[in-house]
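First comes the structure, then the notes that go with it.
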Amino acid sequence: MQDYLDQLNEAQRSAVTTIDGPTLVVAGAGSGKTRVLTYRIAYLLQQGVPPWRVLALTFTNKAAREMKERIAALTGKEVASRLWMGTFHSVFARILRVEAEHLKFPSSFTIYDTADSKSLIKSILKELQITDKEYKPGLILSRISAAKNDLVLPAAYARDTHRLAADRAAKVPMVYEIYLRYLRACLQAGAMDFDDLLLNTNLLFRDHPEVLAKYQAQFQYLLVDEYQDTNFSQYLIVRKLAEQHKNVCVVGDDAQSIYSFRGAKIENILNFRNDYPGYHLFKLEQNYRSTRNIVNAANSIIANNKGQIPKVVFSDKEEGEKLKVLQAYSDVEEGYMVVKELQNRRLNATCAYADFAILYRTNAQSRIFEEALRKNNVPYRMYGGLSFYQRKEIKDLLAYLRMVINPRDGEALKRIINYPARGIGKTTMDRLEKAAADNQLSLWEVLTHPELGRVGFNAGTLKKLGAFVQLIKSFERLLPVMNAYELTTEVVAQSGILKDLHMDKSTEGQTRVENLDELLNGVREFTEERIESGADNKLVNFLEEVALLTDMDQGDTEDSDRVTLMTIHSAKGLEFPYVFIAGVEEGLFPSPMSGNSEQGLEEERRLFYVAVTRAEKQVTLSYARSRFKYGEHNFVTPSRFLKDIDPAYLDGVETAVGGRPAVASGARFKRSFEGGNRSAAAKRSFSFQEESPVRKPAFSAETFGGTGGDISVGSRVAHERFGQGEVLSLEGQAPNLKAMIAFDNAGTKQLLLKFAKLRLLS
DNA sequence: CGGACGATCCTTTTT
DNA sequence: GGATCGTCCG
């Protein structure tokens, strides 16, 4: 253990060994935050603190898992597995299962995902006879979510003039009413959504002091990762739990607060000193990740924000390359330029595909890169798309399992009552839902009610409904005698899911069957692992794990060499040798949705800071001059954030043609974005050199890319790699003009003019 | 009742 | 461009 302390710098070591009293660790990007957290926990254990008295909270499963592994390496698996370590959501879900009865929830409560929540809101809207045109379920859910994260219950909501006024302004004055019914329906269904896990923990602690006292006493030491991302609900849980021992250590970086849209309060970290007087403060300012150029560029970006915790992040590493900027005509070309640049780097630096990440602001941008990567046979792994557990066939099966565990789960019921098709249609469901709402019952209670016939179903429908009820009950009976894997297998067979999928002979149908197999394997592995570690291995635990999983949490097992594709948000906490930040454009980054408020803009800027600081060796920024949006292409301008970077750390802009910076220096580059008449440039279609008419680049886009220009059949041209050759033929339309070229020494090739770095010789 | 095919809306980021 | 929702017809 002593050896490990020697590996730390002074600030890190103090942060690890100062274990008593409140502690704030301000950890700049790449400053060894995770290392401090893991060593601190290992140190606690070494000082004789029992593992079950340590509570460590993270935001992602991945962070929790990694820390657990690293601690296990220091202290042994046995001890590490007894720590209370996990995401806020998973840890408190675990506690809520134990204490559920205090809150009138079954301990087998379901966790609703966002789709379930939206679907429930739709049902409520129907009940209130409001269309989901006027009341967008997503918007309503986000307002309810915001209220919950601020611990504003319906009663307080009704008195909250701010919220009410905001709802009226947004033309959704009924949010309060919906919120009320939503909570009631969740209780009815024995279900909690993500926010409820935290809200109900707060209610538990508020209304049951003896329960709170129990956990206060147990958790002698608390640690919180990414404290700048906590919302009020999480903040209060931590504060309450820490009240007795006051040994709370929070780690975070105000400069990396990027989750205010889901209720995170940057104030939590800024106000730590007020909440915990006499706190210890440690600042980790040395960045061990990135080159000096990267750190300096990042610092110059974040310097544009106000109201930060003062700190100076520095790097001792080599100066490294400057940040590079790629300019493309279009979004599609941006994809190709990035991939080409990536491939060049990989060959020149002899590094692996896995050393690269392409980061973007919105998930919608991923498609372009996927296509470019696929066409160039570059292996990649994309995060943030549909996760495995969100596929239809998986959700269907999970819904069956959910109903077995908790038959009151209304969203699961709605999903499977007619899947596979058993002739229970919309009319029947409407009546059922109405009966449930009128009688304050769950759908299942209506279905199993002796007076079901009174609702007005005909004999045929009653028979179908009865068969469904019997099916679910037959599964319920298996619950005590089968393990999770056996039961799941049984459900797949008896529900008719397998038969339904086997009827579909298409490739998609086959994939679905394979996916079900994979889920079955997942259940088996889960059960085996849990039995081995002595943890809960019931079906309910599996469902919980799955509900709180994101797609960041899978597929890590295959150690294949792939480029990473993800949003900047999901890249937080990760690092890559080479990072591409794509779509650095107005209208995209900063996001127009963040409003033009100073606050919104500062958060976007922090996001930019996060993106740049992911890189170890080099950062390439890219933007396009035109981009498809809603199916039509628009001309766009480079992001204002490019001007936030000190030009001293920035290379010139590189365009597709010429292979040389079109604008020579960072300073010139910076100037070229200020002001300027864009419409002229727009009219010239693919011309991107709107300024500096005096000095034309050696090989302009117009020559080769835009129109095909001077190149014609018979021209002599030179290519960077293939040498000299003669143009045999031209085909296609600009800007996708292709040329067949017979090279003197490299054979005949077909090249896309806008990508080939051709030079005209004759 | 169920499947197929168009109109419509849209997009920030996620536990 | 694409997912989702609603309508239409078998």
Side-chain angles (χ1 to χ4, degrees), chain A residues 57-64 86-93 111-115 117-119 122 131-133 136-139 141-142 145 148-149 192-199 225-226 229-231 233-234 257-264 331-332 359-368 371 383-387 389-390 392 418-430 460-461 464 544-553 566-573 583 587-595 600 603-604 606-608 610-611 627-633:
Chain A
L57 298 167
T58 65
F59 275 83
T60 63
N61 296 298
K62 193 168 188 228
T87 63
F88 272 90
H89 291 87
S90 68
V91 164
F92 295 113
I111 298 172
Y112 276 177
D113 67 12
T114 312
S117 299
K118 282 188 190 165
S119 160
K122 277 187 198 167
T131 68
D132 55 9
K133 289 272 185 305
K136 301 270 164 58
L139 175 77
L141 182 61
S142 73
S145 169
K148 286 180 180 173
N149 288 330
M192 300 191 195
D193 67 16
F194 293 137
D195 306 313
D196 289 334
L197 295 174
L198 306 171
L199 171 66
D225 191 14
E226 308 278 18
D229 286 334
T230 49
N231 60 35
S233 189
Q234 291 163 322
S257 163
I258 56 175
Y259 281 113
S260 79
F261 71 91
R262 75 175 201 218
D331 45 7
V332 174
L359 308 181
Y360 34 78
R361 179 65 182 82
T362 67
N363 276 308
Q365 289 165 260
S366 66
R367 224 192 78 248
I368 301 280
E371 266 167 33
Y383 296 80
L386 258 217
S387 99
Y389 295 101
Q390 287 172 335
K392 186 191 171 305
N418 198 33
Y419 177 78
R422 30 178 93 86
I424 301 171
K426 193 170 171 302
T427 328
T428 307
M429 279 316 289
D430 283 350
T461 309
K464 289 176 201 161
E544 176 178 306
E545 177 163 292
V546 164
L548 298 176
L549 227 48
T550 69
D551 77 317
M552 292 291 291
D553 300 315
M566 57 170 62
T567 63
I568 303 170
H569 279 90
S570 28
K572 193 164 78 142
L588 199 56
F589 195 16
S591 165
M593 306 302 273
S594 69
E603 176 145 323
E604 293 288 309
R606 290 193 294 268
L607 193 56
F608 192 34
V610 167
R627 185 173 292 276
F628 266 86
K629 210 177 186 180
Y630 306 142
E632 63 183 69
H633 83 295

Classify the side-chain pair Ser594(A)/Ser591(A) by whether it contains a donor and acceptor separated by less than 3.5 Å.
no
From the set dC9(B), dG2(B), dT14(B), return the single nucleotide nearest to any side-chain atom of His569(A).
dT14(B)
Starting the side chain at C-beta, find the nucleotide from dT13(B), dG2(B), dT11(B) nearest to Thr567(A).
dT13(B)
Phe88(A) and Thr230(A), any side-chain heavy atoms less than 4.5 Å apart
yes
With side chains defined as the heavy atoms from C-beta onward, is the minimum distance between Asn418(A) and Met429(A) less than 4.5 Å?
no
Is Asp195(A) touching bases, backbone alone, or none of the nucleic acid, heavy atoms closer than 4.0 Å?
nothing
Is Thr427(A) touching bases, backbone alone, or none of the nucleic acid, heavy atoms closer than 4.0 Å?
sugar-phosphate
Are Lys572(A) and dT13(B) close enough that a side-chain N or O sits under 4.0 Å from OP1 or OP2?
no
What nucleic acid atoms does Lys136(A) come within less than 4.0 Å of, heavy atoms only: base, sugar-phosphate, or nothing?
sugar-phosphate
Protein-nucleotide distance (Leu57(A), atom CG; dT15(B), atom C1'), rounded to Å:
13 Å
Toward the 5' end of DNA chain B, which comes first, Ser594(A) or Lys464(A), by nearest nucleotide?
Lys464(A)
Using a 4.0 Å heavy-atom cut-off, does Phe88(A) contact any base of the nucleic acid, only the sugar-phosphate backbone, or nothing at all?
nothing
Find the distance Met593(A):CE to dT14(B):P and express it as a whole number of Å.
14 Å
Using whole Å, report how far CZ of Arg606(A) lies from P of dT13(B).
18 Å
Do any side-chain nitrogens or oxygens of Ser570(A) fall under 4.0 Å of OP1 or OP2 in dT13(B)?
no
When rounded to whole Å, the CZ to P distance for the pair Arg367(A) and dA3(C) reads 9 Å
Among the nucleotides dG2(B), dC5(C), dT15(B), whichever has the atom closest to the side chain of Arg262(A) is dT15(B)
Pairing donors with acceptors under 3.5 angstrom, does anything connect the side chains of Ser142(A) and Ser145(A)?
no
Return the 5'-most residue of the pair Asn418(A), Leu607(A) with respect to DNA chain B, ranking by each residue's nearest nucleotide.
Asn418(A)
Whole angstroms only, please: what is the CE-P distance between Met429(A) and dG2(B)?
12 Å
side-chain N/O Thr428(A) vs dC1(B) OP1/OP2, d < 4.0 Å:
yes
I want to verify a distance call: between dT15(B), dT11(B), dT14(B), whose nearest atom is closest to the Phe261(A) side chain?
dT14(B)
Using atom CG of Asn61(A) as one end and atom C1' of dT14(B) as the other, report the distance to the nearest whole Å.
12 Å
Here the distance between atom P of dT13(B) and atom CG of Asn149(A), to the nearest Å, is 18 Å
Flag the pair Met192(A) / His89(A) as yes when at least one side-chain heavy-atom distance between them is below 4.5 Å, and no otherwise.
no
Classify the ring geometry of His569(A) against Tyr259(A): parallel below 30°, tilted from 30° to 60°, perpendicular beyond 60°.
tilted
Should Asn363(A) be listed as having a side-chain N or O under 4.0 Å from OP1 or OP2 of dT13(B)?
yes
It should be established whether Asn231(A) places a side-chain nitrogen or oxygen under 4.0 Å from OP1 or OP2 of nucleotide dT15(B).
no
Tyr259(A) side chain: which of dC5(C), dT15(B), dT14(B) is closest?
dT14(B)
Check every strand shown and say whether Phe194(A) touches a base, only sugar-phosphate, or nothing at a heavy-atom separation below 4.0 Å.
base
dC10(B) phosphate, OP1 or OP2: any side-chain N/O from Lys629(A) under 4.0 angstrom?
no
Spacing between Leu588(A) atom CG and dT13(B) atom C1', to the nearest angstrom
12 Å
